[in-house]
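Along the sequence shown, the residues carry numbers beginning at 1. As the structure lists them, so they are numbered: ligands from 1, and atoms in each ligand from 1.
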Amino acid sequence: MPATAVVGLQWGDEGKGKIVDYLAERFDAVARFNGGSNAGHTIVVGGEKLAFHLLPSGAIRRKKLIVGNGVVVDLEVLLKEIDDLESRGLHPDLVVSDRAHVTLRLHRLRDAWEERRRGSDAVGTTLRGISPTFADRAARVGIRMGDLLDKDAFRRAASLLEGWNQALASGVYHEDGPSVTRDSLERAASAADGLERVVGDASSAACDVLDCGGSLLLEGAQGFFLDIDFGTYPYVTASHTTSAYAAAGLGIPPQSIKNVIGVVKAYCTRVGSGPFVTETKGEAGDALRKKGDEYGTTTGRPRRVGWFDAVACRYAVRVSGVTSLALTKVDVLGGTKSIPICVAYRIDGSTVHVPPSRLTDLQRCEPVYEYCDGWPDLRPEEWREAAQRGLKGLPPGVRSYVKKIEDLSGAPVKLISYGFERNDLLELSP
Ligand code: IMP
Ligand code: MG
């Protein structure tokens with residue numbers, strides 16, 4: 001059976017958690033393959049908000065859960081999320097890759113130290129230690145989940161990390177290295193007990209599902225423009241967010257991924273610093289942020305908001321091989337009379353249709369907007385009633401907006417989310 005990847009095509013917070021939760025019902029297993037606990041995937045069930053940072057959002061559908069080698073695992077978050085599920089009577093059938101790198105307190109501290117060192121060039125990270133953990137992985141001084149289960153392996157890995165971290169702490173950041181390092185490693189060692197039953201070869205677990213004719217849902221974290229290479233570098237996260245990384249970050253064959261669902265919000269948001277061509281400030285921006293409840297799940301920060309960027313979307317669709325789109329939060333745009341949609345960028349007198357790679361170019365791009373007719377601000381019950389009749393039941397403005405996004409991005413819209421609740425979702429038949 002093929003695998004299906006769900007990836008964000010903007011700057012994260014597109015509503016992937018809800019889409020994954022909805023689709024998970026049809027799959028045997030749900031896996032994460034990138035990022036770490038910087039992710040915040042929110043699901044609303046019966047008015048109750050559940051947020052996952054590390055475990056796949058399929059958790060509450062009682063599916064097999066896999067956390068791949070491409071994820072950096074904060075031990076404290078992992079143990080807490082397992083506990084939370086267990087206290088709800090959900091005993092997760094979970095495998096966390098023995099090759100996944102461990103995020104420790106020292107990584108969270110270094111994240112903050114590095115942000116401070118950068119001053120006005122700070123990335124605006126989630127301070128979850130993500131970039132320092134990936135940096136240590138690349139520097140080959142990291143500790144992997146499997147190391148925690150073997151005293152000799154742990155001692156060896158810990159001594160490499162210890163030397164490196166102390167050199168950075170004292171030499172670069174002028175902070176207290178030894179006590180932080182010692183404390184972090186002690187915490188890691190003591191977490192090992194709770195982990196034996198979940199750490200294993202996640203690649204084999206995922207391949208077994210596929211080989212037995214099962215189906216696998218791959219849950220991407222963050223969004224395309226936070227990708228370490230394709231994002232707005234250096235204002236990006238430290239891992240890959242494209243669909244291709246689902247194979248590398250989990251250990252499954254790339255050709256097993258037959259469907260790629262790209263999740264886009266009907267407008268754009270971004271948290272942290274970095275270029276944002278369609279950003280809308282002032283009253284219109286404030287109203288959109290308030291109506292869309294655009295505050296970070298992980299950090300609570302107000303998100304920057306802006307109009308739909310079809311230049312960015314088309315690029316992400318091509319690179320990630322998106323086979324269909326899930327369009328979320330169309331209800332939030334209700335009541336906007338005329339909705340701008342960015343169809344090209346202007347830079348130094350020329351028009352471009354592909355986002356430039358250079359930060360200094362991207363910062364100078366101006367959006368070229370076309371305007372779409374809006375739709376009324378329906379109440380949740382009105383949306384539900386309208387959606388019962390399928391696409392034709394939705395306001396004409398929504399239908400033409402959907403069509404416009406399909407034409408501009410080159411991918412068909414298959415899912416439309418029009419509210420917070422898990423079932424406020426319309427699936428369009430082919
Ligand atoms: P980091 O991933 O914590 O290093 O943060 C790097 C950038 O990615 C910052 O701008 C963060 O705000 C952003 N970021 C990381 N994870 C998420 C996410 O799950 N949603 C939205 N933005 C994110
Ligand atoms: Mg989020």
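Counting protein heavy atoms only, atom 10 (O) of ligand 1 is closest to V271 O, 3.0 Å. In terms of protein heavy-atom proximity, atom 11 (C) of ligand 1 is nearest to G124 O, 3.5 Å. Of the protein's heavy atoms, T126 OG1, 2.6 Å lies nearest to atom 3 (O) of ligand 1.
Considering just the N/O/S atoms of D13, the one nearest the Mg ion (ligand 2) carries the name OD1.
Listed by number with element, the atoms of ligand 1 under 4.0 angstrom from any heavy atom of V123 are 6 (C), 10 (O). Atoms of ligand 1 found under 4.0 Å from any heavy atom of G272, numbered from 1 in the order shown, are 10 (O). Taking a cut-off of under 4.0 Å to the non-hydrogen atoms of D13, the atoms of ligand 1 that pass are 20 (N), 21 (C).
Taking only nitrogen or oxygen atoms, main chain and side chain alike, Q222 reaches within less than 3.5 Å of ligand 1. Polar contact check, R301 against ligand 1: a nitrogen or oxygen pair lies under 3.5 Å apart. Ligand 1 has a nitrogen or oxygen under 3.5 angstrom from a nitrogen or oxygen of N38.
Using a cutoff of 4.0 Å between basic side-chain nitrogens and carboxylate oxygens, E114 and R118 are scored as salt-bridged. A salt bridge does not link R32 with E219: none of the charged nitrogens is closer than 4.0 Å to a carboxylate oxygen.
At least one side-chain heavy atom of V209 sits less than 4.5 Å from a side-chain heavy atom of K64.
At a 4.0 Å cut-off, at least one heavy atom of A39 sits close enough to ligand 1 to count as contact.
Of the heavy atoms in W11, only backbone atoms (N, CA, C, O) come closer than 4.0 Å to ligand 1.
When ring centroids are compared, F225 and W11 come within the 6.0 Å threshold.
Residue-environment remark: CD (E381) exceeds the threshold of 12 foreign heavy atoms within 6.0 Å. For R99, the CZ atom counts as loosely surrounded, since its 6.0 Å shell holds 12 or fewer non-hydrogen atoms of other residues, nucleotides or ligands. Heavy-atom contacts from other residues, nucleotides or ligands closer than 6.0 Å to CZ of R156 number 12 or fewer. Counting non-hydrogen atoms of neighbouring residues, nucleotides and ligands closer than 6.0 angstrom, the CH2 atom of W113 exceeds 12 such neighbours.
Within the 2.8 Å limit, G12 places no N, O or S atom next to the Mg ion (ligand 2).
Side-chain N/O atoms of D309 and Y345 include a donor and acceptor closer than 3.5 Å.
When each of T126, T241, N38 is paired with Q222, the side chain to side chain donor-acceptor pair (under 3.5 Å) condition holds for N38 and for no other.
Of the listed options T269, T237, T232, T241, T237 places a heavy atom closest to atom 2 (O) of ligand 1. Between the choices V72, L226, T125, V236, the shortest heavy-atom distance to atom 23 (C) of ligand 1 belongs to L226.
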